[in-house]
Protein chains: 2
Amino acid sequence: MPSPPRDEAELVARARTLSGLAIDALASHWGVRVDGSPVSTKGKVGELLERALGATGGAAATRDFPGIGVELKTIPLDPRGTPRESTFVCAVSLLEAERAEWETSWVRAKLARVLWIPVGIGADGARRIGDPCLWSPSSEQERVLRDDFDEILGRIGATGIEGLSARVGRWMQLRPKAAHGRVRTRAPGADGGLIETVPRGFYLRARFTGAILRDPRALPP
Amino acid sequence: MPSPPRDEAELVARARTLSGLAIDALASHWGVRVDGSPVSTKGKVGELLERALGATGGAAATRDFPGIGVELKTIPLDPRGTPRESTFVCAVSLLEAERAEWETSWVRAKLARVLWIPVGIGADGARRIGDPCLWSPSSEQERVLRDDFDEILGRIGATGIEGLSARVGRWMQLRPKAAHGRVRTRAPGADGGLIETVPRGFYLRARFTGAILRDPRALPP
DNA sequence: TAGGATCCAGCTTTGGATCCTT
DNA sequence: AAGGATCCAAAGCTGGATCCTA
């Protein structure tokens with residue numbers, strides 16, 4: 001198990017040495033199976049890269065590399081280099097939604113510094129690690145993310161969580177997270193009591209992550 | 001048959017009196033069948049509204065209302081108010097493509113002043129005429145349309161018509177027009193001779209017409 | 001043919017549902 | 001539950017093919 005990287009430069013240097021490596025090779029090195037049925041290997045590649053880069057593992061970690069304030073995100077690409085999926089950022093606390101502000105939010109902190117690692121798929125079907133991209137949002141990008149955040153949390157306050165569609169948000173959306181979980185939220189209306197619902201999390205739309213992988217300062221539609 | 005409207009105000013006033021009217025009612029008034037199989041009634045609604053508004057009919061007309069320089073376009077909407085189709089603007093002369101310029105183009109002249117008439121569909125399945133919208137492109141809108149025009153004609157010049165996909169163009173695209181027609185164009189390359197191909201026309205994408213019906217100065221993606 | 005357009009199979013995108021490990 | 005995510009049916013969009021009338 002590698003020790004945590006001392007600084008960003010060391011983290012990026014390590015990520016660069018992994019570039020081009022087949023996922024299968026990395027998996028067998030770490031004794032992890034990533035060749036099962038697709039549904040049974042969700043999240044495995046992300047965890048594999050955390051290990052290989054010396055991330056602080058486990059559910060207690062607030063960030064992947066707390067010492068240097070960097071979040072690690074893998075992005076699956078299709079053969080043309082386009083993200084195949086949206087990217088989960090973090091869960092949201094529905095009960096604190098009304099008081100939440102972008103400046104002090106967890107989602108902003110997570111997105112402040114991200115090491116994106118694309119995982120491509122070759123003509124032979126083998127998945128390979130791509131070139132890492134250390135990114136912080138430009139001020140224009142952050143403005144849109146903040147607008148999305150405000151609109152999403154504003155709707156939760158106005159109509160309750162059941163009135164919020166995953167369509168809301170240009171680059172960021174709120175969607176169910178976890179099939180079996182239960183959390184409490186407030187029913188719509190001023191007199192709303194507590195009701196139970198499924199947990200939600202912030203996701204970045206694929207068109208946003210695709211654009212920043214091509215150009216870190218891009219402003220997608 | 002109404003006489004041609006004297007000016008824009010009269011045209012819009014007439015269009016407003018039609019708003020809310022069922023297409024079936026208008027059709028029976030003019031003795032036109034619009035209840036056949038969908039494939040057999042293409043274009044009927046557009047012709048019906050031309051008649052009802054006193055447009056100069058026939059293939060010889062360069063514009064629907066030449067006296068006042070207005071083009072009439074009907075737009076079919078789905079139950080949510082979104083355009084169901086792209087909108088045909090005019091044919092393109094492939095042989096003159098290399099010399100063509102936006103400023104003097106037919107497509108620009110047609111789009112300079114358009115009376116959009118949405119045709120919605122109610123919960124009962126009946127089609128009804130909506131509120132007319134007299135529109136000219138804003139300078140920002142025209143800039144994008146000109147860019148599309150330049151890129152489309154530029155590609156015809158560079159790669160020939162067969163190298164041009166209907167994907168080119170943000171708001172406007174070039175697509176086949178007429179199933180059986182034949183026109184001549186120049187083969188790609190400096191030494192290109194004349195070859196035959198299917199006629200093409202400019203179309204406005206539904207996301208553009210949908211946006212300007214909601215807000216005439218909107219700048220869709 | 002020119003002028004009025006829509007059809008519709010196939011591809012892409014969306015977003016609610018779901019899976020594994022600690 | 002928290003943290004790593006992907007699955008996949010259904011809705012939406014695309015764009016080549018096509019239809020009618022004068």
Side-chain angles (χ1 to χ4, degrees), chain A residues 32-34 36-50 55 57-64 71-76 78 82-91 110 119 165-168 173-183 198-201 203 205-207, chain B residues 32-34 36-51 55 57-64 71-76 78 80 82-91 110 119 165-168 173-183 198-201 203 205-207:
Chain A
V32 170
R33 299 286 304 259
V34 293
S37 97
V39 301
S40 306
T41 55
K42 293 184 183 185
K44 294 281 179 67
V45 171
E47 295 168 358
L48 194 53
L49 277 158
E50 289 190 343
T62 57
R63 262 204 196 86
D64 298 306
E71 175 74 16
L72 175 67
K73 287 292 171 195
T74 59
I75 301 195
D78 69 15
T82 303
R84 305 208 302 185
E85 293 294 344
S86 54
T87 299
F88 174 71
V89 183
C90 62
K110 284 237 183 192
V119 177
S165 150
R167 290 179 183 81
V168 173
Q173 62 180 169
L174 202 70
R175 297 225 308 278
K177 159 71 176 172
H180 305 299
R182 304 303 296 173
V183 293
V198 65
R200 322 280 165 137
Y203 291 78
R205 296 184 190 276
R207 68 168 179 253
Chain B
V32 170
R33 300 286 303 259
V34 293
S37 97
V39 301
S40 305
T41 55
K42 293 184 183 185
K44 294 280 180 66
V45 172
E47 295 168 357
L48 194 53
L49 277 159
E50 289 190 344
R51 285 204 203 182
T62 57
R63 262 203 195 86
D64 298 307
E71 175 73 17
L72 175 67
K73 288 292 171 195
T74 58
I75 301 195
D78 69 16
R80 297 177 335 198
T82 303
R84 305 207 303 185
E85 292 295 343
S86 54
T87 299
F88 174 71
V89 182
C90 62
K110 284 237 182 189
V119 177
S165 152
R167 290 179 183 82
V168 173
Q173 62 179 168
L174 201 70
R175 297 226 309 277
K177 161 71 175 171
H180 305 299
R182 303 303 296 173
V183 293
V198 65
R200 321 280 164 135
Y203 291 78
R205 298 184 190 275
R207 68 167 179 252

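- Proximity note for A/Arg175 (side chain, C-beta onward) versus C/dA17, C/dG4, C/dT18: the nearest is C/dA17.
- At a threshold of 4.0 angstrom between heavy atoms, the contacts of A/Gly46 are confined to the sugar-phosphate backbone, with no base atom among them.
- Atom CZ in B/Arg51 sits roughly 11 Å away from atom P in D/dT21 (whole-Å rounding).
- Here the side chain of B/Gln173 pairs a donor or acceptor atom with the backbone of B/Ala166 at under 3.5 angstrom.
- Here B/Lys110 reaches the OP1 or OP2 of C/dG4: one of its side-chain N or O atoms lies under 4.0 Å away.
- The closest donor-acceptor contact from the side chain of B/Lys73 to the backbone of B/Phe88 lies under 3.5 Å.
- Of all non-hydrogen atoms in B/Lys110 and B/Cys90, the two that sit nearest each other are CE-CB, 4.2 Å.
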Look for any protein N or O under 3.5 Å of an N or O in nucleotides 11-14 of chain C and output each such pair with its distance, or none.
from	atom 1	to	atom 2	distance (Å)
C/dT14	OP1	A/Arg207	NH1	3.4

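- Along DNA chain D, the nucleotide nearest to A/Ala91 and the one nearest to A/Glu85 differ in position, and the one closer to the 5' end is contacted by A/Ala91.
- No hydrogens or angles were tested; on distance alone, nothing pairs the side chain of A/Lys44 with the base of C/dT21 as donor and acceptor under 3.5 Å.
- In this entry the distance linking CG of A/Leu48 with P of C/dC20 reads 18 Å, nearest Å.
- No contact: B/Pro199 has no heavy atom under 4.0 Å from any strand.
- Taking atom CG of A/Asp64 as the reference point, atom P of D/dG3 lies 10 Å away to the nearest angstrom.
- Between D/dA17, D/dG4, D/dA5, one nucleotide has an atom nearer to the side chain of A/Thr74 than all others, and that is D/dA5.
- Looking at every heavy atom in both residues, B/Arg33 comes nearest to B/Thr41 through O-CG2, 4.3 Å.
- Note: B/Thr74 OG1 to B/Glu47 CD = 10.0 Å, rounded to the nearest 0.5 Å.
- If you take CD of A/Glu50 and P of D/dG4, they are 6 Å apart, rounded to a whole angstrom.
- Side chain of A/Val39, nearest nucleotide from C/dT6, D/dC7, D/dA5: D/dC7.
- Rounded to a whole Å, the CD atom of A/Glu71 is 16 Å from the P atom of D/dA2.
- Not one side-chain nitrogen or oxygen of A/Thr41 sits closer than 4.0 Å to the OP1 or OP2 atom of C/dC19.
- Rounded to an integer number of Å, the gap from B/Phe88 CZ to D/dC20 C1' is 14 Å.
- Both B/Val198 and A/Ser86 lie close to DNA chain D; mapped to their nearest nucleotides by heavy-atom distance, the more 5′-ward contact belongs to A/Ser86.
- Put simply, NZ on B/Lys42 is 13 Å from P on D/dA17, counting in whole angstrom units.
- Between B/Leu48 and B/Val34, the shortest heavy-atom distance links the atoms CD2-CG1, 4.4 Å.
- Between the base of C/dG4 and the side chain of B/Lys177 there is a donor-acceptor pair shorter than 3.5 Å.
- Minimum heavy-atom separation, A/Arg175 to A/Ser86: NH1-OG, 3.1 Å.
- In the set C/dC7, D/dA5, C/dG4, the nucleotide with an atom closest to the side chain of B/Lys73 is C/dG4.
- Counting only distance, with no hydrogens or angles, the side chain of A/Arg200 and the backbone of A/Val198 share a donor-acceptor pair below 3.5 Å.
- Looking at the side chain of B/Glu47, the nearest of the listed nucleotides D/dT21, D/dA17, C/dC8 is D/dT21.
- Per the geometry, OH belonging to A/Tyr203 stands 12 Å off P belonging to C/dA17, to the nearest Å.
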